[in-house]
Amino acid sequence: MTLEEIHGQQPMPAGNDWMQGAGTALHELLVSAQRRGCLTAGVYESAKLMNVDPDNVAFCVLAADQEDEGDIALQIHFTLIQAFCCENDIDIVRVNDVAKLATIVGPSEDSGEPRDLHCILITNPNEEGWKDPALEKLNLFCEESRNVNDWVPTITLPE
């Protein structure tokens, strides 16, 4: 008997198909959230929103490139955001390509300038919640990742 059979869980799908599916779902979620006005970008903006209204946050994305790995201040912010998300049952993923995020999310609508994409929050647009198939796929992906002790899984965005 396997551990999955004992707990009544399905094993996590193997291979890149599962990861590619999560990457595609994240791409769809970001596009949909931006269209609905439910996307908050930036470490400081995200921290302010989580402090004021954590129940409204549906999903969190942390992004860092290779050169960001040496930024101690950014890593401290990531640690605090991860702890807050875990404490408030907010699913969270990492992305290792800020440039791909920038092509999906684009510049700030207000100023047209590039924005800080190291942290992106997806919020609920209304009181009864948001039923987006991509969000549901990502929630399942995060749940399956936690089952194998990967608390902040890394997702690769599609080309």
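Computation of the quantities below employed the complete heavy-atom set of this structure, encompassing side-chain atoms and omitting hydrogens, waters and symmetry-equivalent molecules.
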Does Leu138 belong to the same Ile/Leu/Val/Met/Phe/Trp/Tyr cluster as Leu101, with side-chain heavy atoms less than 4.5 Å apart forming each link? yes
What distance do His77 atom NE2 and Leu80 atom CG have between them, rounded to the nearest 0.5 Å? 7.5 Å
Candidate pair Asp91 and Arg146, rule salt bridge (charged side-chain N to carboxylate O under 4.0 Å, His left out), full reasoning: CA-CA 10 Å; Asp91 286 327; Arg146 284 190 298 272; 2.7 Å; yes
Separation between CG of Leu74 and SG of Cys119, rounded to the nearest 0.5 Å: 9.5 Å
Of all heavy-atom pairs linking Arg115 and Gly106, the shortest is NE-O, 3.4 Å
Shortest non-hydrogen separation from Asp116 to Val43 and the atoms involved: OD2-N, 2.9 Å
Mind listing the closest non-hydrogen atom pair of Phe84 and Pro54 along with its distance? CZ-CB, 3.6 Å
Ignoring hydrogens, what is the shortest heavy-atom contact between Thr40 and Ser46? Give both atom names and the distance. O-OG, 3.9 Å
Report the distance from atom SG of Cys142 to atom CD1 of Ile155, rounding to the nearest 0.5 Å. 6.0 Å
Take a 6.0 Å sphere around CD of Gln66 and say whether it holds more than 12 heavy atoms from other residues, nucleotides or ligands. no
Closer than 3.5 angstrom, by distance alone: can the side chain of Gln75 be matched with the main-chain N or O of Asp68 as a donor-acceptor pair? yes
For a 4.5 angstrom cut-off between non-hydrogen side-chain atoms, does Val95 reach Lys100? no
Does one hydrophobic cluster hold both Ile81 and Val61, with members joined at side-chain heavy-atom distances below 4.5 Å? no
Sub-3.5 Å donor-acceptor pair from the side chain of Lys137 to the main-chain atoms of Ala25, do we have one? no
Give me the atom names and distance for the closest heavy-atom approach of Ala64 to His118. CA-CD2, 4.4 Å
Working to the nearest 0.5 Å, report the span between CD of Glu144 and CG of Asp150. 12.0 Å
Could you grab the distance from atom SG of Cys60 to atom CD1 of Ile122, nearest 0.5 Å is fine? 9.0 Å
Given the rule that I, L, V, M, F, W and Y join up when any side-chain heavy atoms are under 4.5 Å apart, are Leu117 and Phe78 in one cluster? no
Could you check Leu39, Thr123, Leu26, Asp132 and say which one makes a side chain to side chain contact (heavy atoms under 4.5 Å, CB included) with Phe59? Leu26
Are any side-chain N or O atoms of Ser32 and backbone N or O atoms of Leu29, one a donor and one an acceptor, separated by less than 3.5 Å? no
Are Val57 and Val105 connected in a single hydrophobic cluster, I mean Ile/Leu/Val/Met/Phe/Trp/Tyr linked by side-chain heavy atoms less than 4.5 Å apart? no
Minimal non-hydrogen separation, Leu157 against Gly23, with atom names: CD2-O, 3.9 Å
From Ile104 atom CD1 to Gln34 atom CD, the distance as rounded to the nearest 0.5 Å: 10.0 Å
Check for a donor-acceptor pair, side chain of Asn139 on one end and backbone N or O of Leu135 on the other, with a separation under 3.5 Å. yes
Under 4.5 Å between side-chain heavy atoms, counting indirect links through other Ile/Leu/Val/Met/Phe/Trp/Tyr residues: same cluster for Val31 and Ile120 or not? yes
